[in-house]
Novice: 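Take this structure first; my questions come after.
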Amino acid sequence: MTTALSTHLAVSWWQAAYCRGAAIETFFPPPGDEATVQRALSICARCPVRIPCRRYALSHRERHGIWGGLTEETRATLMRIGPPSPTGLPVKSQPQSDD
């Protein structure tokens with residue numbers, strides 16, 4: 001059961017985000033605007049809550065914008081391939097047996 005306190009702590013990370021107060025267009029740039037994408041990524045790179053932001057975006061399957069230093073394309077790829085193995089190494093497929 002989720003308590004009000006744990007819910008508050010889980011979503012309060014955004015209060016410390018460096019993107020707060022920035023123009024929304026910076027984090028939702030039009031297609032092909034690489035200069036704006038790089039500006040957003042540079043803000044995210046210095047942000048103290050980049051990891052909680054990234055987790056939020058991935059767990060809520062955010063499809064648009066730059067979240068936690070991840071572009072839409074990067075998040076789509078991460079969602080498609082799934083989480084890493086417990087060791088952090090790529091999961092190798094097991095050879096098929098010919099039984």
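Just so it is clear, the values below take in all heavy atoms, side chains as well, and ignore hydrogens, waters and symmetry mates. Bear in mind that the values here come from a model prediction, so they are computed numbers and not experimental data.
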Novice: Between Trp14 and Val49, is there a shared hydrophobic cluster once you connect ILVMFWY residues whose side-chain heavy atoms come closer than 4.5 Å?
Specialist: yes
Novice: With side chain to side chain donor-acceptor pair (under 3.5 Å) as the rule and sequence neighbours excluded, what pairs involving residues 44-55 come up?
Specialist: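 Counting only pairs at least two positions apart or across chains, no side chain to side chain donor-acceptor pair (under 3.5 Å) contact touches residues 44-55.
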Novice: Excluding sequence neighbours, so at least two apart, what forms side chain to side chain contact (heavy atoms under 4.5 Å, CB included) with Arg80?
Specialist: Thr77
Novice: Under the ring-ring contact (aromatic ring centres under 6.0 Å, His included) rule, what pairs show up with a residue in residues 18-44, not counting sequence neighbours?
Specialist: none
Novice: Considering only Ile, Leu, Val, Met, Phe, Trp and Tyr, and joining two whenever side-chain heavy atoms are under 4.5 Å apart, list the other residues clustered with Ile81.
Specialist: Leu58, Leu70, Leu78, Met79
Novice: Quick check: closest heavy atoms across Ala17 and Cys47, and the distance to 0.1 Å?
Specialist: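 What the structure gives for the nearest pair is CA-SG, 3.8 Å.
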Novice: Can you give me the closest heavy-atom contact between Cys53 and Gly68, atom names plus distance?
Specialist: SG-N, 3.1 Å
Novice: Please list all pairs meeting side chain to side chain donor-acceptor pair (under 3.5 Å) that have one or both residues in residues 22-45, counting only residues at least two apart or in different chains.
Specialist: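 Applying side chain to side chain donor-acceptor pair (under 3.5 Å) to every pair that reaches into residues 22-45, excluding sequence neighbours, yields Asp33-Thr36, Thr36-Arg39.
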Novice: Can you list every pair that meets side chain to side chain donor-acceptor pair (under 3.5 Å) and has a residue in residues 58-70, with sequence neighbours left out?
Specialist: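 Every candidate side chain to side chain donor-acceptor pair (under 3.5 Å) pair involving residues 58-70 fails, so no pair, neighbours aside, qualifies.
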